[in-house]
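Values reported hereafter were calculated over all heavy atoms of this structure, with side chains retained and with hydrogens, waters and symmetry mates removed. First the proteins, then the strands, lettered A, B, ... as listed; each starts at 1.
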Amino acid sequence: MSVLARYDVELKGIGFDTMLESYVLNSVASRHNMDDLALKYLGLSTIHFEDIAGKGKKQVTFDKIDLDIAGEYAAEDADITLRLHQVLWPKLEAEPSLKKVFEEIELPVLSILSKIERTGVLLNQTLLRDQSKTLGIRLKELEQEAYEHAGEEFNLGSPKQLQRIFFEKLELPIIKKTPKGQPSTAEPVLQELALDYPLPKVILEHRSLSKLKSTYTDQLPEQVHDSTGRVHTSYHQAVAATGRLSSQSPNLQNIPIRTIEGRRVRKAFIAPKNYKLVAADYSQIELRIMAHLSQDSGLLRAFNAGEDIHKATASEVFGVSLDEVRDDQRRSAKAINFGLIYGMSAFGLSRQLNISRGDAQEYIDLYFERYPGVKKYMDKTRTLAAEQGYVETLFGRRLYLPDINASNFQRRQGAERTAINAPMQGSAADIIKQAMIKVDAWLTESQIDARVIMQVHDELVVEAAEDVVDVVIDGLKRLMSAAADLSIPLLVECGVGDNWEEAH
DNA sequence: CATGTCACG
DNA sequence: ACGTACGTGACATGA
């Protein structure tokens with residue numbers, strides 16, 4: 001679709017797609033490419049592109065391959081794709097809800113993603129290059145500081161060398177181990193060590209700044225495409241088991257926002273002259289979905305009353321009125337709410353809040369006492385998952401859980417957490433995908449000078465001509481809110497700016 | 001290519 | 001008693 005578009009051939013849509021058929025049938029399967037599907041569903045071993053083009057640095061482009069070889073390969077592609085479709089399509093037709101997810105969500109989204117990818121995002125390259133320089137200077141200073149504390153020079157970016165300095169030379173206490181049994185130097189460990197020793201603090205700052213430099217300020221300007229002057233990510237539609245998208249080369253779904261230095265990177269995502277960026281994000285969408293799925297009366301009431309949900313939770317759990325809720329109580333409630341979405345354990349919550357396991361368990365018990373509908377829903381989800389071997393989103397997208405009845409406790413527990421999380425994360429993914437379809441149709445039909453340029457799980461970013469910004473905000477709010485009809489309103493928050501940071 | 005780490009929702 | 005929050009992608013290191 002994207003290749004043809006370069007030659008001004010705009011496909012109106014696509015009839016079927018074996019990759020998406022396979023993904024909707026079983027999103028947990030790791031690969032949905034034609035070669036793997038041919039082996040799985042047809043028992044056929046196909047010619048792989050790497051067989052005829054080579055791989056890595058030595059790989060040649062398709063036009064350099066002898067016609068008789070290229071011809072056979074291409075003909076097989078067409079043949080196998082049709083045969084796969086003939087096997088996969090009846091399987092989808094046998095499951096009406098999956099067929100609906102395929103036809104009404106994934107296939108329309110495919111064309112929209114192609115369009116978003118081709119549009120790309122404008123970057124202020126100078127800003128990023130300047131920031132790289134500044135970061136480089138600061139990193140050099142931090143290196144010198146680190147050498148002084150360590151009493152020798154070493155590579156700060158090497159966990160192995162860091163382990164030697166920390167735990168052999170300086171004999172700092174080992175707080176946590178990596179999965180391979182090595183003493184961990186991960187962020188939470190360094191935070192704790194930083195309370196008593198100077199070097200960890202230096203490493204922490206160095207880590208976060210070198211991440212910014214190598215992944216963002218150095219790399220992003222390199223990814224700007226010559227012919228468009230923009231970065232063009234590639235959205236993957238058949239990767240995440242829950243139905244989310246993922247974004248690759250560059251990943252535009254993990255651009256920093258949590259720290260001041262990080263947010264500077266967002267300032268480099270800009271609107272062209274006479275345009276603005278509009279960022280529209282769903283407020284608390286997963287918790288709202290939890291309210292809808294569980295039909296818990298307290299949760300429904302709080303959302304319908306438009307209350308601050310973490311504050312409302314704190315008020316219930318700690319037994320105080322809404323305006324008596326203290327900041328630390330709200331923070332705890334927020335952690336509980338996140339924990340619920342993730343299928344929390346008392347251990348996980350206790351670590352998050354830095355409290356004892358007993359206290360964490362008390363919070364959880366109190367929560368379920370106050371929100372019995374949620375407790376019921378969680379229990380029912382686990383039971384249902386164990387019975388049928390999969391869970392479903394609001395729209396019937398399925399996520400299989402092969403480990404849900406595993407004899408291995410750890411695997412089973414992991415599957416249970418996925419069972420809790422997937423319906424919420426997956427329903428949110430279904431909803432924003434449907435919103436994208438509505439928004440794209442509206443912008444196209446009304447010929448408004450605006451286009452979607454990014455999707456970040458619960459957020460759409462639109463590039464809009466200055467004189468239509470207000471219309472675009474109205475439309476985004478209206479269409480995103482109406483993407484699903486739930487027992488509670490879907491709130492959408494919009495921001496506008498010359499860059500992505502301002503638009504937040 | 002595995003490992004450890006860290007950026008996002 | 002078990003060992004622990006869900007989902008991704010990218011980077012540097014080092015074998």
Side-chain angles (χ1 to χ4, degrees), chain A residues 27-28 56 154-163 176-190 203-204 206-220 223 233-236 239-259 261-263 265-266 281-286 290 335-353 357 360 364 391 399 401 406-426 428-429 432 454-459 500 504:
Chain A
S27 65
V28 179
F154 65 103
N155 185 341
L156 277 70
S158 163
K160 203 179 164 191
Q161 294 185 36
L162 207 57
Q163 281 162 10
K176 211 186 108 187
K177 292 198 173 176
T178 70
K180 288 281 164 205
Q182 296 302 305
S184 169
T185 65
E187 203 252 10
V189 171
L190 297 191
I203 302 296
L204 277 169
H206 186 273
R207 279 246 183 95
S208 92
L209 296 186
S210 65
K211 177 86 178 178
L212 282 182
K213 185 168 187 293
S214 64
T215 308
Y216 302 104
T217 62
D218 284 351
Q219 207 44 242
L220 282 171
Q223 308 247 16
T233 187
S234 150
Y235 286 102
H236 288 203
V239 168
T242 52
R244 274 191 178 182
L245 300 175
S246 78
S247 156
Q248 197 180 63
S249 22
N251 182 353
L252 297 186
Q253 292 181 322
N254 74 345
I255 302 303
I257 192 169
R258 292 173 188 172
T259 67
E261 294 86 2
R263 289 182 90 107
V265 175
R266 290 203 171 212
D281 68 279
Y282 283 111
S283 163
Q284 309 292 357
I285 188 166
E286 292 186 11
M290 184 170 89
I336 295 171
N337 280 331
F338 272 109
L340 287 160
I341 294 170
Y342 295 151
M344 92 179 132
S345 62
F347 180 91
L349 183 65
S350 71
R351 203 175 46 182
Q352 186 64 38
L353 288 176
R357 239 185 85 166
I364 294 171
V391 288
L399 190 138
L401 301 157
S407 54
N408 181 311
F409 175 85
Q410 202 181 334
R411 293 174 80 111
R412 193 170 65 246
Q413 285 257 307
E416 283 179 8
R417 289 194 298 272
T418 307
I420 297 295
N421 176 260
M424 294 181 265
Q425 190 181 119
I432 195 166
M454 286 189 275
Q455 189 258 39
V456 193
H457 308 307
D458 63 355
E459 171 185 9
W500 197 8
H504 254 277

Query raised in the report: Just checking, is any N or O donor in the side chain of A:H457 or A:E286 under 3.5 Å from an acceptor N or O on the other one?
Result: no

Query - Touch class at under 4.0 angstrom, heavy-atom based, for A:A419 against every strand present - result: nothing

Report summary line: Checking A:V265, A:T215, A:V456 against A:I255 for side-chain contact (heavy atoms from CB on, under 4.5 Å), the one that qualifies is A:V265

Requested in this report: For residues A:A419 and A:L401, report the shortest heavy-atom separation together with the two atoms involved.
Outcome: CB-CD1, 3.6 Å

Query - Between B:dA7 (P) and A:L204 (CG): distance, integer Å - result: 10 Å

Query raised in the report: Is any side-chain nitrogen or oxygen of A:N254 closer than 4.0 Å to OP1 or OP2 of B:dG9?
Result: no

Requested in this report: Report the distance from atom CG of A:L209 to atom C1' of B:dA7, rounded to the nearest whole Å.
Outcome: 13 Å

Query raised in the report: Can you check the A:L252 CG to C:dA10 P distance for me, whole Å?
Result: 10 Å

**Report entry** Donor-acceptor pair present, A:R258 side chain and B:dG9 base, under 3.5 Å
**Finding:** yes

Query raised in the report: For C:dA15, does OP1 or OP2 lie under 4.0 Å from any side-chain N or O of A:K160?
Result: yes

Requested in this report: Calculate, to the nearest 0.5 Å, the distance between atoms CD and OH belonging to A:Q253 and A:Y235 respectively.
Outcome: 6.0 Å

Query raised in the report: Can a side chain N or O of A:S184 be found less than 4.0 Å away from OP1 or OP2 on B:dT5?
Result: yes

Query raised in the report: If the P atom of B:dA7 is compared with that of C:dG3, how far apart are they to the nearest Å?
Result: 29 Å

**Report entry** Candidates A:K160, A:R207, A:K176 - the one meeting side-chain hydrogen bond (donor to acceptor under 3.5 Å, both in side chains) with A:T185
**Finding:** A:R207

**Report entry** Interatomic distance at C1', B:dT3 relative to C:dA5, whole Å
**Finding:** 22 Å

**Report entry** Heavy-atom donor-acceptor pair, A:Q248 side chain to A:S234 backbone, under 3.5 Å
**Finding:** no

Query raised in the report: What's the CG-C1' distance between A:L162 and B:dT3, to the nearest Å?
Result: 15 Å

Query raised in the report: Does a side-chain N or O from A:R207 land closer than 4.0 Å to OP1 or OP2 of B:dC6, or not?
Result: yes

Query raised in the report: Rounded to the nearest Å, what distance is computed from the CG atom of residue A:L156 to the P atom of nucleotide B:dC6?
Result: 13 Å

Query raised in the report: Can you tell me if the side-chain N/O atoms of A:S246 get under 4.0 Å from OP1 or OP2 in C:dG9?
Result: yes

Query raised in the report: If pairing requires Watson-Crick or G-U wobble contacts with both distances under 3.5 Å, which nucleotide is the partner of C:dT13?
Result: B:dA2

**Report entry** Phosphate contact (C:dC11 OP1 or OP2) by A:K211 side-chain N/O below 4.0 Å
**Finding:** no

Requested in this report: Starting at CD1 of A:I341, measure out to CD of A:Q284 and round the result to the nearest 0.5 Å.
Outcome: 7.5 Å

Report task. Specify the separation, in whole Å, of atom CD of A:E416 and atom C1' of C:dC6. Result -> 14 Å

Query raised in the report: For A:Q161 and C:dT13, what is the distance between atoms CD and P respectively, to the nearest whole Å?
Result: 9 Å

Query raised in the report: Taking only side-chain nitrogens and oxygens of A:R417, does any of them come within less than 4.0 Å of OP1 or OP2 of C:dA5?
Result: no

Query raised in the report: Could a donor-acceptor pair under 3.5 angstrom be found where the side chain of A:E459 meets the base of B:dG9?
Result: no

Query raised in the report: Contact class for A:S158 (heavy atom, under 4.0 Å): base, sugar-phosphate, or nothing?
Result: sugar-phosphate

**Report entry** Rounded interatomic separation in angstrom, taking CZ from A:F338 and P from C:dT4
**Finding:** 22 Å

Query raised in the report: For the base of B:dC6, is there a side-chain donor-acceptor partner from A:E187 under 3.5 Å away?
Result: no

Query raised in the report: Between A:T178 and B:dT3, is there a side-chain N or O to OP1/OP2 distance below 4.0 Å?
Result: no

**Report entry** Whole-angstrom distance between C:dC2 and B:dC6, as gauged at atom P
**Finding:** 28 Å

Report summary line: In Watson-Crick or G-U wobble terms, with both distances under 3.5 Å, the base opposite C:dA1 is none

**Report entry** Under 4.0 angstrom between A:Q182 side-chain N/O and B:dG4 OP1 or OP2
**Finding:** no

